[in-house]
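A quick write-up on the structure given underneath.
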Amino acid sequence: MINVFKKIKLDAELVIVSGPSLKIYNDKIRNLGFVNNLHEIIYAADLIISLAGKSTIDESKYYGTPGIFIPIKGHFEQEENAKELVFLLTICSI
C-alpha cells in the first residue's frame with residue numbers, strides 16, 4: 001500500500017497503525033504505531049485497508065467507513081469474515 005500510495009501521488013494522507021517496527025519518514029505518510037483508540041481512527045478515516053479481523057470490520061460497518069479487508073490465508077476467523085463480507089456485498093447489490 002505504501003508503494004502504491006507513493007506512485008499515485010494523491011492529495012491525501014496515509015495513516016498507518018502497524019506497530020513501532022515500521023519506520024517511515026514522509027510528510028504524507030504517518031505511522032501511529034500502536035494506538036488505544038483505533039475506533040476513533042476508523043471513524044475519522046475515509047477508507048480502511050486492514051486485515052479481516054472481526055473488531056475492525058465491525059467498527060468499520062458501525063461507523064460507515066468503507067473498507068478493504070484482506071484475510072490471512074488459513075486463518076480460522078479472517079477467511080470466514082471476508083466471505084461474510086463478500087456475501088453481504090452480493091446481497092446489497094441485488
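Residues: numbered from 1 along the sequence shown. Keep in mind that what you see is a predicted model, and the values were worked out from it rather than measured.
Summarising the local packing, CG of Asp46 is surrounded by 12 or fewer heavy atoms from other residues, nucleotides or ligands at distances under 6.0 Å.
Judged by distance alone, with hydrogens and angles left aside, the side-chain atoms of Asn81 form a donor-acceptor pair with the main-chain N or O of Ala52 at under 3.5 Å. A donor-acceptor pair under 3.5 Å is formed between the side chain of Ser60 and the backbone N or O of Thr65. Remark: side-chain polar atoms of Glu13 are not paired, donor with acceptor, to backbone N or O of Lys28 under 3.5 angstrom.
Take Ile29 and apply the side chain to side chain contact (heavy atoms under 4.5 Å, CB included) test, not counting sequence neighbours, and it matches Ile2, Phe5, Lys6, Leu14, Ile16, Ile24, Asn26.
Ring geometry, Tyr63 versus His39: the interplanar angle falls under 30°, so the pair is classed parallel (tilted spans 30 to 60°).
Of the inter-residue distances, the one linking Thr56 atom OG1 with Leu51 atom CG reads 8.0 Å to the nearest 0.5 angstrom. Distance NE2/His75 to CD1/Ile72: 5.0 Å, rounded to 0.5 Å. In this structure, OG in Ser50 is found 10.0 Å from CD in Glu59, a value given to the nearest 0.5 Å. For the atom pair CD1 (Ile57) and CD (Glu77), the distance works out to 8.0 Å, reported to the nearest 0.5 Å. If you take CG on Leu38 and CD1 on Ile48, they are separated by 7.0 Å, rounding to the nearest 0.5 Å.
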